[in-house]
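Working notes for the structure below.
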Amino acid sequence: MTSAILFVCLGNICRSPAAEGVFRALAPNVRTDSAGTGGWHVGEPPYGAMQGAAQARGVDLSDLRARQFRTDDFTRFDLIIAMDGQNLRDIEALRPKGNATPLRLFTDYAPDAGMDHVPDPYYTRDFDGTLDLIERAARGLCATL
Ligand code: 4NP
């Protein structure tokens with residue numbers, strides 16, 4: 001049984017906290033967290049525009065704080081979900097020898113969306129488009145549990 005899921009992006013202030021916030025509303029019994037492969041925003045709440053776009057859909061991200069991905073996350077979680085291929089490669093490079101924790105792209109759970117990554121709204125500014133994709137992938141992930 002998958003009881004703990006970690007969502008990972010680059011900064012942990014846009015995509016992965018949004019993914020965590022959307023998913024935890026759908027699956028409140030699953031332990032969730034999010035992290036960034038980079039450490040620039042450690043301790044910060046999610047980016048204001050991301051929080052606003054999520055809040056407009058009834059998703060509250062205000063309790064979340066950024067942290068950096070750590071190697072012991074491989075043993076603390078049953079499933080690790082990356083927002084894009086670079087995140088996936090950066091996480092994989094930290095995998096301890098012998099560890100087999102599944103690591104997947106979030107878009108794998110929304111195959112009909114035709115996307116191979118979750119676009120970063122910190123750069124695209126399309127917070128709603130990213131949330132649409134996150135909602136589809138979160139529903140798809142939920143259906144696999
Ligand atoms: P995220 O977006 O990976 O979706 O949290 C980013 C936010 C900030 C930065 C990079 C990505 N940054 O370099 O500051």
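When a ligand or atom number is given, it counts from 1 through the structure's own listing order.
For the pair Leu6 and Arg67, the tightest heavy-atom approach, listed with the atom from each and the gap, is CD1-NH2, 3.7 Å. For the pair Ser16 and Met83, the tightest heavy-atom approach, listed with the atom from each and the gap, is N-CG, 4.3 Å.
Take Phe7 and apply the ring-ring contact (aromatic ring centres under 6.0 Å, His included) test, not counting sequence neighbours, and it matches Phe23, Phe106. For Phe69, the ring-ring contact (aromatic ring centres under 6.0 Å, His included) criterion is met by Phe74, not counting sequence neighbours.
Taking a heavy-atom cut-off of under 4.0 Å, ligand 1 is surrounded by Cys9, Leu10, Gly11, Asn12, Ile13, Cys14, Arg15, Trp40, His41, Asp120, Tyr122, Tyr123.
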Using a 3.5 Å cut-off and no angle test, enumerate the donor-acceptor pairs between side-chain atoms of residues 135-145 and protein atoms at least two apart in sequence or in another chain.
| unit_1 | atom_1 | unit_2 | atom_2 | d |
| --- | --- | --- | --- | --- |
| Glu135 | OE1 | Arg57 | NH1 | 3.1 |
| Thr144 | OG1 | Leu141 | O | 2.6 |

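With hydrogens and angles disregarded, no donor-acceptor distance shorter than 3.5 Å links the side chain of Arg31 to the backbone of Pro28.
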